[in-house]
Structure formats: structure tokens, C-alpha cells
Amino acid sequence: MLTLVPSEPQALTVPEVMTALRLSRSKVYDLIRSKQLPSYTSGRARRIPVEAVRRYMQHRLEEAA
């Protein structure tokens, strides 16, 4: 059966990223401005792909090692 809507979100809002990464709103926007966390807008809504958050976390883990 074809699934049109994924069971997990493919993109997150800024508040969802704040919660996921335990960061402040200003820090998330700093990451977006510095291109460390890719994002896009749909109308006035800013969205961050889940995969971008995963890549950011992986990069931070590699830096810490």
C-alpha cells in the first residue's frame, strides 16, 4: 500500500528543534544563519529537515571525539 504521509515528520519547527537539541531560540537561529543547520521557509513558517538535525548532531559528536 502506498503511504502518502510519512509516519515520522520530515521537517521540524524551530521550537521542536529547540526541544530536541535543548538549545535556546537565539542559538537555533544562529545555527541557521551560519548555515550549520540548513532550513527553508514555507510561507512565513521556518522548517528544518530532520536529516539536517541528525547531521548537525553527528558533526558535533565527531568534533567532541
Side-chain angles (χ1 to χ4, degrees):
M1 176 186 231
L2 178 64
T3 303
L4 297 177
V5 179
S7 60
E8 293 184 11
Q10 298 300 302
L12 302 172
T13 63
V14 169
E16 289 170 332
V17 173
M18 291 167 53
T19 300
L21 298 178
R22 307 293 193 262
L23 296 173
S24 68
R25 177 180 295 281
S26 61
K27 181 61 178 176
V28 172
Y29 278 108
D30 284 346
L31 293 171
I32 291 169
R33 272 191 293 280
S34 66
K35 308 289 188 206
Q36 293 178 61
L37 197 56
S39 70
Y40 64 92
T41 56
S42 179
R44 291 177 43 190
R46 170 86 43 197
R47 296 288 183 262
I48 300 95
V50 171
E51 190 55 40
V53 175
R54 287 187 180 121
R55 282 193 309 267
Y56 172 76
M57 289 190 302
Q58 185 61 40
H59 178 73
R60 296 293 299 175
L61 287 169
E62 290 169 1
E63 282 183 346

Asker: Sequence neighbours left out, what passes salt bridge (Lys or Arg N to Asp or Glu O under 4.0 Å) with E62? Give chain and number order.
Answerer: none
Asker: How many angstroms lie between atom CE of M57 and atom NE2 of H59, to the nearest 0.5 angstrom?
Answerer: 13.5 Å
Asker: Does the side chain of E63 come within less than 4.5 Å of R60's, by heavy atoms?
Answerer: yes
Asker: Please set out all donor-acceptor pairs under 3.5 angstrom arising from side-chain atoms of residues 33-50, sequence neighbours excluded.
Answerer:
unit_1	atom_1	unit_2	atom_2	d
R33	NH2	D30	OD1	2.7
S34	OG	D30	O	3.0
S34	OG	L31	O	3.2
S34	OG	Q36	NE2	2.9
S39	OG	R46	NH1	2.8

Asker: Would you indicate whether the side-chain heavy atoms of L21 and V28 approach each other to under 4.5 Å?
Answerer: no
Asker: As an exercise, state the distance from CZ of R54 to CD of E51, rounded to the nearest 0.5 Å.
Answerer: 6.0 Å
